[in-house]
Number of protein chains: 2
Amino acid sequence: MSLREKKKQETRDRIFEISGRLFREKGFENTTVDEITQEAGIAKGTFFNYFPTKESLLLYFRERKEELVFNILGSQIATNAPAKDKIKNFLVLLAENYEKDKVLLRMLFFEHRRLVMASGQHPDRKQHGHGNQLRFISILRDLLKEGVENGEIKERVDLQIASETLHAVYFHSLMMWMHSDTDDSFSRDLSAKIDLVFEGIGE
Amino acid sequence: MSLREKKKQETRDRIFEISGRLFREKGFENTTVDEITQEAGIAKGTFFNYFPTKESLLLYFRERKEELVFNILGSQIATNAPAKDKIKNFLVLLAENYEKDKVLLRMLFFEHRRLVMASGQHPDRKQHGHGNQLRFISILRDLLKEGVENGEIKERVDLQIASETLHAVYFHSLMMWMHSDTDDSFSRDLSAKIDLVFEGIGE
DNA sequence: GCTTAAATATGACTATGGTCATTAATGACC
DNA sequence: GGTCATTAATGACCATAGTCATATTTAAGC
């Protein structure tokens with residue numbers, strides 16, 4: 001890595017680190033770009049060489065977070081457990097990972113909208129935000145397919161619909177948890193709902 | 001209604017109408033408050049006497065929309081149909097109502113988050129945004145309870161969990177539909193997922 | 001119909017996210 | 001180790017959401 005690249009990475013990390021701290025301390029809205037650049041010892045314009053908007057910092061935070069999750073993921077999926085357990089483990093793993101950083105996650109959730117909109121303009125950025133959800137759904141579908149092959153899951157179930165339903169349950173639990181002010185875990189709530197999707201509610 | 005109140009209502013309606021048109025024409029971000037007030041023939045400050053932020057216009061739009069929906073709702077729920085049909089009708093009704101105004105709904109969806117945050121500061125505004133979701137869930141729970149009494153739904157099902165799961169499915173379908181650029185209806189997608197929740201996927 | 005307090009409207013002003021033409025640093029090449 | 005094209009840093013500048021002290025309008029009491 002050249003001096004140039006090294007410095008660049010350092011600056012990016014520096015901005016990221018400092019803004020993360022400030023966001024946690026004072027909230028997203030109450031932290032100004034001027035403040036961030038001042039603490040980082042760079043000019044304001046430099047900030048925007050690294051991140052196109054203030055909000056994109058949150059996206060970057062999420063990318064980093066999801067990178068971590070996908071890395072842990074491999075080991076979980078490779079086991080020999082029943083499909084249902086794997087699915088539960090998968091979703092609960094995601095849940096737990098988010099539970100670790102509720103403050104920043106909330107900001108991400110409540111602010112990421114403009115990014116989605118903005119990236120909608122740029123074709124090559126369209127994946128961001130929604131793209132990883134599709135990735136999650138795709139993993140769920142693979143796990144469900146295993147379940148069908150193992151005879152754990154009805155053959156006639158439409159796997160796309162089913163995986164989306166599971167993702168819906170996951171996402172909804174996450175949302176409810178973020179809106180709540182209590183420090184309750186949402187893994188348990190999620191777990192109950194997954195059971196329900198497996199068993200069905202009809203008599 | 002006094003002259004004062006009448007004028008006030010007129011101004012509020014005028015702002016609302018004009019901004020709705022502009023948002024649809026040019027998008028939310030590309031419409032400035034200056035433009036709105038200019039077209040409405042009022043001073044900039046006046047705008048903020050009626051709506052605390054530009055984004056709160058979207059909240060107001062939603063309140064109006066949901067008022068409508070809740071009004072239609074009563075008739076649907078009072079019928080003698082099976083609980084499952086009622087639930088489907090309820091959610092599909094919501095879905096169809098939103099389908100009518102995808103453009104503004106998308107803006108609402110992508111912009112409303114900050115409102116939730118902002119209103120989180122003010123205790124008496126905390127309900128906005130999240131509150132109606134709880135209302136939806138509550139209606140679903142009542143319908144499910146009927147279903148249990150009619151023997152359509154397993155007795156041992158936790159109604160809170162079940163109603164939240166149905167709401168999750170509804171919300172998720174809505175989200176996927178909003179992210180998609182196609183003009184597909186999401187009522188059908190939703191319908192399939194409700195069936196799935198009733199039947200369960202486990203063998 | 002005058003007076004006056006309360007409600008409402010106003011627009012100059014502020015704060016802040018984001019732009020861009022200019023300047024400085026880097027490293028490939030000779 | 002000097003030259004120069006490429007890349008990155010800079011900060012004055014702009015656009016726009018939102019504020020607030022002041023001016024205007026309303027309507028109640030007399």
Side-chain angles (χ1 to χ4, degrees), chain A residues 1-16 18-19 22-23 26-60 107-108 110-119 121-122 125, chain B residues 1-16 18-19 22-23 25-60 107 110-119 121-122 125:
Chain A
M1 195 187 275
S2 70
L3 172 59
R4 212 161 214 172
E5 284 178 69
K6 213 175 66 185
K7 273 197 169 180
K8 231 174 137 179
Q9 191 57 46
E10 269 173 23
T11 303
R12 166 176 255 95
D13 288 348
R14 193 164 166 65
I15 294 173
F16 184 61
I18 286 171
S19 49
L22 290 177
F23 291 165
K26 335 184 355 176
F28 183 79
E29 302 280 353
N30 297 326
T31 303
T32 65
V33 175
D34 278 327
E35 245 175 313
I36 295 169
T37 55
Q38 210 171 316
E39 284 223 25
I42 57 173
K44 189 172 183 181
T46 306
F47 176 93
F48 291 99
N49 288 342
Y50 288 90
F51 298 94
T53 65
K54 181 180 151 188
E55 293 178 342
S56 68
L57 272 169
L58 293 174
L59 235 196
Y60 188 65
M107 291 180 198
L108 171 60
F110 290 121
E111 297 291 340
H112 108 296
R113 73 227 150 66
R114 182 172 295 166
L115 300 164
V116 179
M117 289 259 94
S119 64
Q121 324 288 36
H122 246 284
R125 287 197 147 260
Chain B
M1 194 186 276
S2 70
L3 173 60
R4 219 168 206 161
E5 283 178 68
K6 214 174 66 184
K7 273 198 170 179
K8 226 174 141 180
Q9 192 55 48
E10 270 172 23
T11 304
R12 169 177 251 94
D13 288 349
R14 192 163 168 64
I15 294 173
F16 184 60
I18 287 170
S19 50
L22 290 176
F23 289 167
E25 273 172 26
K26 333 181 0 176
F28 183 79
E29 302 279 352
N30 297 326
T31 304
T32 66
V33 175
D34 277 325
E35 247 176 312
I36 295 169
T37 54
Q38 209 172 315
E39 284 223 27
I42 57 173
K44 188 171 185 178
T46 306
F47 176 93
F48 291 98
N49 288 342
Y50 288 90
F51 299 93
T53 65
K54 179 179 150 188
E55 292 177 345
S56 68
L57 273 169
L58 293 175
L59 236 195
Y60 187 65
M107 291 179 198
F110 290 122
E111 298 291 340
H112 112 291
R113 284 123 191 247
R114 180 174 299 167
L115 299 165
V116 179
M117 287 260 93
S119 64
Q121 323 288 36
H122 245 283
R125 287 199 147 259

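Order of the sequence lines fixes the chain letters, A, B, ..., with proteins taken first and strands second; residue numbering starts at 1 for each chain.
In this entry the distance linking CD1 of Ile15(B) with P of dT10(C) reads 10 Å, nearest Å. In this entry the distance linking CD of Glu29(A) with P of dT16(C) reads 11 Å, nearest Å. One can place CD of Glu55(B) at 16 Å from P of dT16(D), the figure rounded to the nearest angstrom. One interatomic measurement links the two molecules: CD of Glu5(B) to P of dA6(C), which rounds to 18 Å at whole-angstrom precision. Atoms CZ (Arg14(B)) and P (dA9(C)) sit 13 Å apart, rounded to a whole Å. Rounded to whole angstrom, the span from the CZ atom of Phe51(B) across to the C1' atom of dG18(D) amounts to 15 Å. The interatomic distance linking Asn30(B) (CG) with dT16(D) (P) rounds to 9 Å, in whole Å. Between the P atom of dG18(D) and the CZ atom of Phe47(B) lies a distance of 8 Å, rounded to the nearest Å.
Pairing partner, dA9(C): dT22(D), with both Watson-Crick or wobble hydrogen-bond distances short of 3.5 Å.
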Scan nucleotides 3-5 of chain D against the protein and return all N/O pairs shorter than 3.5 Å with their distances rounded to 0.1 Å.
none

What's touching nucleotides 20-25 of chain D from the protein side, N or O pairs under 3.5 Å?
{"unit_1": "dT25(D)", "atom_1": "O2", "unit_2": "Arg4(B)", "atom_2": "NH2", "d": "3.4"}

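Using a 4.0 Å heavy-atom criterion, one finds that Thr46(A) contacts the bases of the nucleic acid, with or without backbone contacts as well. No engagement by Thr37(A) is indicated, since no non-hydrogen atom pair under 4.0 Å with the nucleic acid exists. Among the heavy atoms of the strands lying under 4.0 Å from Lys54(A) are primed sugar atoms or P, OP1, OP2 only; no base atom is included.
Under the side-chain hydrogen bond (donor to acceptor under 3.5 Å, both in side chains) criterion, Lys26(A) pairs with Glu35(A), sequence neighbours left out. Residues meeting the side chain to side chain contact (heavy atoms under 4.5 Å, CB included) test with Glu39(B), sequence neighbours left out: Ile18(B), Arg21(B), Leu22(B). When the side chain to side chain contact (heavy atoms under 4.5 Å, CB included) test is applied to Glu5(A), the partners found at least two apart in sequence or on another chain are Met1(A), Ser2(A).
Distance CD/Glu10(A) to CG/Asp13(A): 8.0 Å, rounded to 0.5 Å. Going from atom CG of Leu57(A) over to atom CE of Met107(A) covers 11.5 Å, rounded to the nearest 0.5 Å. Atoms NZ and OG1, from Lys8(B) and Thr11(B) in turn, are 10.0 Å apart once rounded to the nearest 0.5 Å.
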Atom pairs and distances, side-chain donor-acceptor, residues 41-52 of chain A, under 3.5 Å, sequence neighbours left out:
none

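Among dT8(C), dA9(D), dG11(C), the nucleotide with an atom closest to any side-chain atom of Tyr50(B) is dT8(C). Checking dG11(D), dT10(C), dG18(D) against the side-chain heavy atoms of Ile42(B) singles out dT10(C) as nearest.
Donor-acceptor pairing under 3.5 Å, judged by distance alone, is absent between the side chain of Lys8(A) and the base of dA8(D).
Taking all atoms of both residues into account, the shortest heavy-atom contact from Lys54(A) to Glu29(A) is NZ-O, 3.9 Å. Of all non-hydrogen atoms in Glu55(A) and Phe28(A), the two that sit nearest each other are CG-CZ, 3.6 Å.
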